[in-house]
Amino acid sequence: MPELPEVETIKRSLAPKIIGKIIREVKIYLPKIVKNTDLEEFIRRVTGKTIESLNRRGKYLLIGLAGGEILTVHLRMTGKLLVLPRGTPKDKHTHAIFDLGDVELHFNDIRQFGGFSFDLPKLGPEPLEEAFTLTYLKEKLNPSKKNLKAFLLDQKIIAGIGNIYADEILFAAGLSPKRLAATLTEVEAEKLYNAIRAVLNLGIKHRGTSIRDYVDSENRQGGFQHLLKVYGKSGALCIRCNSKIIRERHAGRSTHFCPNCQK
DNA sequence: CGTAGACCCTGGAAGC
DNA sequence: TGCTTCCAGGGTCTAC
């Protein structure tokens, strides 16, 4: 579900509520949410640890534990992390509860794709940090054989962009998702670079996009869904040129764009 | 190296 | 009304 702006919003709402708290007990109701580690070992490595930090890398949340270990969380499509009063009963889709004393952290995930790990895969640079430069983007565009949709979704190239923001970025840049990455001109590469930063920053400013399931740690929806220009708009008229927005499948994902003004 | 498709799941919407 | 089909914001694996 959540992409960079949603995970960033969750991080900001969650951090003041959990940093400094001690994980007194962990209950796992669905063992497969613990990835790459034996369940008993996972519980042992987490229990009794103070939460010292909360960071984001791409679409991952990084929970820094006393002693230096980092617990990573990926919410995939429908995962939620909710801070609730002590004793709140679990619901049908609550798969883990972290007892933090006065509050509990509930991991809730309808589709059961998300989970916890002590590993973090290799990811490209953060698009809103200094490491992501126009020069870097051009260096990656040039040899790539992917179309722009697949290029933006590749977490090893840039971390954190998902299906919604990829479509919105390409609209903002005036570029077709079908366009091959290596064919961009200097000017187009710069447009893409600026669109990536502008759209993601705007998404964060509006606290993410809530289309179906996304909420932050206080169960609040985002507001960026009201500002979408192409995602979910197939059949509607393009705000720039009045042509019909279409939907096609690219890179295995539903892709929305204006066939007239996205070149 | 690249991509296309299957897959992990549940549930809501749309089609018949 | 009820049954079926399609669709969903992600990432990983396999096959080619």
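So that the names make sense, note that chain A is the first sequence line, chain B the second, and so on, each numbered from 1.
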Centroid-centroid distance, A:F224 to A:Y165, less than 6.0 Å: yes
Counter-base of C:dT12, judged by Watson-Crick or G-U geometry with both distances under 3.5 Å: B:dA6
Same-atom distance (P) from B:dA6 to C:dC6, integer angstrom: 12 Å
Separation of atom CG in A:N147 from atom P in B:dG2, rounded to whole Å: 12 Å
Distance in angstrom units between A:L61 CG and C:dG11 P, rounded: 13 Å
Integer-rounded Å distance: C:dG11 P and A:R253 CZ: 8 Å
Plane angle bin for A:F42 and A:F118 - parallel if under 30°, tilted between 30 and 60°, otherwise perpendicular: tilted
Flag for A:N260-A:K244: side-chain donor and acceptor within less than 3.5 Å: no
Atom-pair distance (CG on A:N142; C1' on B:dC1), nearest Å: 16 Å
A:H93 side chain near B:dT10 phosphate (N/O to OP1/OP2, under 4.0 Å): no
Output field: ring centroids A:Y193/A:F132 closer than 6.0 Å: yes
Sugar-phosphate, base or nothing in reach of A:Y165, heavy atoms under 4.0 Å: nothing
Under 4.0 angstrom between A:Q155 side-chain N/O and C:dG10 OP1 or OP2: no
OP1 or OP2 of C:dG11 under 4.0 Å from side-chain N/O of A:K59: yes
Under 3.5 Å side-chain donor-acceptor pair for A:D216 and A:T9: no
Of the listed nucleotides C:dG10, C:dC7, B:dG2, the one nearest the side chain of A:K146: B:dG2
A:K92 side chain near B:dG11 phosphate (N/O to OP1/OP2, under 4.0 Å): yes
Under-4.0 Å side-chain N/O to phosphate OP1/OP2 contact, A:S254 with C:dA8: yes
Interatomic distance, A:K80 NZ vs C:dG10 C1' [rounded to whole Å]: 17 Å
Nearest-Å distance for atom pair NZ/P, residues A:K149 and C:dG10: 9 Å
Modelled atom types, side-chain donor and acceptor of A:D167 and A:H256, under 3.5 Å: yes
Sugar-phosphate only, base, or nothing, as touched by A:G252 at under 4.0 Å among non-hydrogen atoms: nothing
Presence of A:K32 side-chain N/O under 4.0 Å of B:dC8 phosphate oxygens OP1/OP2: no
side-chain contact (heavy atoms from CB on, under 4.5 Å), paired with A:L192, selected from A:L184, A:V187, A:L134: A:L184
A:K122 NZ - C:dT12 P separation (whole Å): 13 Å
A:R249 CZ - B:dT3 P separation (whole Å): 16 Å
Sorted by number, the residues of residues 110-118 of chain A with heavy-atom contact under 4.0 Å to DNA chain C: A:R111, A:F113
Donor-acceptor contact below 3.5 Å, side chain A:T72 vs main chain A:S117: yes
